[in-house]
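Below you'll find the structure, written out as structure tokens, and then a few comments.
When a residue number appears, it is its place in the shown sequence, counting from 1.
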Amino acid sequence: MIRIDIATLFPDMCEAVLSQSIVGRGRAAGYIDIRCHNIRDYAGNKHNRVDDKPYGGGTGMVMQAQPIYDCISAVKSDIGKEARVIYMSPQGRVLTQDIVKELAAEENLIILCGHYEGVDQRVLDELCAEEISVGDYVLTGGELPALILTDAVARLQQGVLPNSDAYSIESHYSGLLEHPQYTRPEVWHGREVPQVLLTGAHDSVAKWQEEAALEVTRKKRPDMLYDRRVGGEPLARYMKVSVYNDGREYDIVRYMKMIMHRRVLTNREQKLLKRMLPVLDTLPAPPEDIPKGAEVWLVSCNASRHIELYAPLFDMLREHGISYSVNCTDKPSGSVISENEYYCVFADSEIN
């Protein structure tokens with residue numbers, strides 16, 4: 001059983017969350033040991049002050065080294081051995097499911113929650129703290145990130161969830177996003193549940209789920225396919241978003257520009273598209289002087305930003321019944337004319 005200790009200025013806030021739902025039941029059943037510690041208990045002054053003005057000036061306050069060090073030292077003494085110390089910080093490596101699985105295999109974790117403008121760097125160095133971020137943004141404190149990390153680690157502990165299927169088929173665990181989920185009624189607002197899910201044929205359902213997960217990942221996170229390896233090679237090194245109309249294939253941005261002033265889009269959609277175009281135009285441009293008949297594909301490892309920006313365009317196309325596709329491949333049949341980190345140009349139009 002893993003033990004997780006959280007050093008924080010707001011232990012009640014952490015307890016309120018970690019005592020509820022699946023994690024709370026897992027704690028009550030003894031499948032995971034989570035303890036919250038108030039850093040102010042180690043302040044050593046009558047006002048329980050743990051922060052001071054930063055050297056060098058600047059706004060805000062910085063958490064002092066000594067209370068943090070004393071708190072975590074007391075935790076280590078109670079554990080009886082060294083433990084991996086994690087500092088929740090926007091400067092750390094971004095949390096992924098692979099990191100969660102790595103941390104879930106530890107016997108002990110100590111999570112430090114910063115506040116104000118951060119903590120004195122010296123205590124992080126002294127504790128050999130490992131910095132982990134939950135995303136490229138800044139919050140008022142480390143408590144919410146610590147709760148996210150604790151929840152993610154807790155649900156991988158034996159007994160916390162009913163069985164391994166409860167987490168092993170979910171998004172990111174296997175390197176793909178999860179397939180769509182459905183429940184009763186079979187028809188809702190004219191939308192039907194895929195018929196294969198109603199057959200009870202386990203092999204057919206499993207095949208549909210696998211194919212659907214791959215399709216969802218292609219559409220929403222094609223960059224994940226670049227990292228997914230089959231036989232040591234990326235599953236999908238290249239990606240292309242195409243619009244099909246009137247028997248022709250178009251680049252999605254060029255197509256939207258083409259129909260912007262026609263009576264295809266609503267006034268609201270036209271206004272939205274006009275606001276989006278300056279942003280879309282900041283995307284790296286494909287190479288110039290592309291030979292006639294050549295194919296331009298995106299390099300999948302940098303495709304996530306494109307897909308994120310294309311999302312409103314996808315909504316417009318679906319609204320007007322215009323088909324589009326997100327195609328992925330790792331085996332182009334044509335020779336490569338040029339390639340950079342964003343685009344690749346192939347001599348032939350045939351790509352498998």
Side-chain angles (χ1 to χ4, degrees), residues 1-41 68 71-72 74-90 92-115 119 127 129-179 181 183:
M1 178 178 65
I2 190 173
R3 169 174 165 174
I4 300 177
D5 291 88
I6 302 175
T8 171
L9 297 179
F10 303 97
D12 291 343
M13 172 183 174
C14 296
E15 284 288 355
V17 174
L18 297 173
S19 298
Q20 302 297 318
S21 189
I22 292 173
V23 176
R25 292 195 294 271
R27 293 177 72 185
Y31 294 122
I32 184 169
D33 185 1
I34 303 175
R35 310 183 190 190
C36 301
H37 309 270
N38 194 337
I39 297 173
R40 292 190 188 278
D41 292 343
I68 294 172
C71 177
I72 291 181
V75 172
K76 288 183 177 180
S77 178
D78 184 58
I79 294 173
K81 55 185 173 182
E82 281 297 316
R84 192 167 177 176
V85 179
I86 306 295
Y87 173 50
M88 306 309 301
S89 162
R93 58 175 178 156
V94 178
L95 185 65
T96 64
Q97 190 64 30
D98 285 340
I99 295 176
V100 171
K101 287 189 280 188
E102 173 191 327
L103 296 178
E106 297 282 342
E107 290 186 18
N108 301 96
L109 290 177
I110 300 175
I111 304 175
L112 170 61
C113 304
H115 209 68
V119 307
L127 294 170
E130 176 184 349
E131 298 186 37
I132 289 181
S133 168
V134 293
D136 295 334
Y137 47 86
V138 180
L139 300 171
T140 56
E143 283 71 26
L144 292 177
L147 293 172
I148 290 172
L149 176 59
T150 302
D151 185 284
V153 169
R155 62 198 318 278
L156 297 189
Q157 302 306 310
Q158 185 174 2
V160 173
L161 294 178
N163 52 64
S164 62
D165 285 347
Y167 58 78
S168 63
I169 63 174
E170 290 184 335
S171 294
H172 299 285
Y173 192 90
S174 64
L176 294 176
L177 299 182
E178 187 180 7
H179 56 78
Q181 299 281 6
T183 187

Any side-chain heavy atom of [X] within less than 4.5 Å of one from [Y]?
X	Y	value
E143	M88	no
I6	L18	yes
D78	H37	no
R84	L103	yes
L147	C14	yes
V17	L144	no

Item to complete: With sequence neighbours left out, write down each residue that passes salt bridge (Lys or Arg N to Asp or Glu O under 4.0 Å) with E107, or none if nothing qualifies.
Response: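 K81.
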
Fill in: Between OG1 on residue T150 and CG on residue L109, distance to nearest 0.5 Å
8.0 Å

Worksheet item: What distance do I2 atom CD1 and I34 atom CD1 have between them, rounded to the nearest 0.5 Å?
Response: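 Result: 9.0 Å between the selected atoms.
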
Grab the two heavy atoms, one from [X] and one from [Y], that are nearest each other, plus how far apart they are.
X	Y	result
I99	V94	CD1-O, 3.4 Å
C113	I39	O-CD1, 4.4 Å
G114	V119	CA-CG1, 4.0 Å
S133	G92	CB-O, 3.6 Å
V160	G26	CG2-CA, 4.5 Å
L9	R40	CD2-CG, 3.9 Å

Worksheet item: For residues 8-31, which residue pairs qualify under ring-ring contact (aromatic ring centres under 6.0 Å, His included), counting only residues two or more places apart or in two chains?
Response: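 Applying ring-ring contact (aromatic ring centres under 6.0 Å, His included) to every pair that reaches into residues 8-31, excluding sequence neighbours, yields F10-H115.
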
Which residues share a side-chain hydrogen bond (donor to acceptor under 3.5 Å, both in side chains) with [X], sequence neighbours left out:
X	answer
Q158	none
E82	K76
R25	none
R27	E15

Would you please name every residue forming a side-chain contact (heavy atoms from CB on, under 4.5 Å) with [X], sequence neighbours left out?
X	answer
D151	V23, R155
A104	V153, L156, Q157
E131	Y87, S89, Q91, L124
A83	I79, N108, I110

Response to the item:
Which of I111, I86, D33 passes side-chain contact (heavy atoms from CB on, under 4.5 Å) with I4? It is I111

Worksheet item: What pairs meet the salt bridge (charged side-chain N to carboxylate O under 4.0 Å, His left out) rule with one or both residues in residues 132-141, with sequence neighbours excluded?
Response: none

Practice prompt. Would you please test V134 and L149 for side chain to side chain contact (heavy atoms under 4.5 Å, CB included) and show each step?
Written response: CA-CA 8 Å; V134 293; L149 176 59; 5.7 Å; no

